[in-house]
Amino acid sequence: MIYYKTQDDIEHIRESCLLVSKTLAHVASILKPGVTGKKLDQEAESFILDHGAKPGFKGYGGFPATLCISPNACVVHGIPTDEPFGDKDIISIDCGSFMNDYFGDSAFTFAMGGVEDDVMELLVTTNESLYKGIEAAVVGNRIGDVGFAIQQHTEQKGYSVVRELVGHGIGKSLHEAPEVPNFGKRGRGPKINDGLVIAIEPMINMGVKNVKQMKDGWTIMTKDNKPSAHYEHTIAITKEKTETLSDHSLIEEAIKNNPEIRNISLKS
Ligand code: MG
Ligand code: MG
């Protein structure tokens, strides 16, 4: 069952999402080759706790960390490790927070300075597809319209859409109905009604769409070990407008001030 949100619910989810965005911006400010996922995770956890909230993922279904850190061929749900990042790595970082009884959820894929142009193109296209999905998320449309927009934008570049993992409703629970696939057919799926709050999160692979799960029970990798990118926003859809509650501009600003990371909006 879908829980439609009041304006009051939406404001609480916005607060939680804003903290997630600030946490990811903080992470972006310290990310560089040589840093480990564990270090970023500790920083993110302290940041969230210092702001009077709780990490949204830690303990969720037994997940052991504040951040999901998924480098290179890791699609999502990577557990932070002691392995230092390299100059050619892309790193998807997903963060959730729980504040005043509401969850916030957002993700961003970062590129170190030495990342190749063809991999940058995957990041740029995946990020663009997130906004195509958001554009389609309006009252009167259906969830299939969102997936269709993401799938069309990414497949026309030759990339593939992960099928096993999808976006979701969000509110007092991290994962609520409806599921929001990143593929689909126009006019299909649940109707988008006033007060729907969802996380849209394209997971796009450079090679095949197939994924495999690692023995840790969490980490999802691409089957062909080619790179995968992931961007996520939590959005609120009302009959007046569709609003993005998480804020990647804070992250993009931090990237601009960090010479170790490539700006995904610039292809050179
Ligand atoms: Mg997420
Ligand atoms: Mg999510």
Does one side chain, of [X] or [Y], offer a donor that lies under 3.5 Å from an acceptor on the other?
X      : Y      : result
Asn193 : Tyr4   : yes
His168 : Glu201 : yes
Thr154 : Thr125 : no
Gln152 : Gln156 : no
Thr238 : Asp194 : no
Thr109 : Ser92  : yes
Asp247 : Ser249 : yes
His233 : Thr244 : no

Looking only at heavy atoms, what is the nearest atom pair of [X] and [Y], with distance?
X      : Y      : answer
Ala137 : Ile192 : CA-CD1, 4.0 Å
Ala229 : Thr126 : CB-OG1, 3.6 Å
Gly133 : Ile150 : CA-CG1, 3.9 Å
Leu122 : Tyr159 : N-OH, 3.3 Å
Ile30  : Asn258 : N-ND2, 4.4 Å
Ile90  : Pro227 : CD1-CB, 4.0 Å

CA sep, side-chain torsions, deciding dist, call: Asn205, Ser160, side chain to side chain donor-acceptor pair (under 3.5 Å)
CA-CA 5 Å; Asn205 296 350; Ser160 54; 4.6 Å; no
Looking at [X] and [Y], would you say the former's side chain and the latter's main chain have a donor-acceptor pair under 3.5 Å?
X      : Y      : result
Asp145 : Arg142 : yes
Arg186 : Phe148 : no
Asp9   : Thr6   : yes
Asn72  : Asp89  : no
Ser70  : Cys74  : no
Glu243 : Ala236 : no

Is it true that [X] and [Y] make a salt bridge, defined as a side-chain N closer than 4.0 Å to a carboxylate O?
X      : Y      : answer
Glu176 : Lys5   : yes
Lys38  : Glu83  : no
Glu135 : Lys132 : no

Members besides Ile79 in its Ile/Leu/Val/Met/Phe/Trp/Tyr cluster (side-chain heavy atoms under 4.5 Å):
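Answer for Ile79: Ile10, Ile13, Phe57, Tyr60, Phe63, Phe98, Tyr102, Phe103, Ile170, Leu174, Val197, Trp218, Leu245.
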Taking ILVMFWY side chains as joined if any heavy atoms are under 4.5 angstrom apart, and letting links pass through other members, which residues group with Leu165?
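Under the 4.5 Å side-chain rule, Leu165 groups with Val75, Val76, Val162, Met203, Val211, Ile220.
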Do any pairs count as a salt bridge (Lys or Arg N to Asp or Glu O under 4.0 Å) and have a residue in residues 96-107, sequence neighbours left out, and if so which ones?
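Qualifying pairs: none.
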Using the side chain to side chain donor-acceptor pair (under 3.5 Å) rule, take Ser106 and His248 through it: C-alpha gap first, then chi angles, then the decisive distance, then the call.
CA-CA 9 Å; Ser106 184; His248 283 182; 3.0 Å; yes
Hey, mind stepping through Ser16 and Ser97 against side chain to side chain donor-acceptor pair (under 3.5 Å) and telling me if it holds?
CA-CA 6 Å; Ser16 197; Ser97 82; 2.8 Å; yes
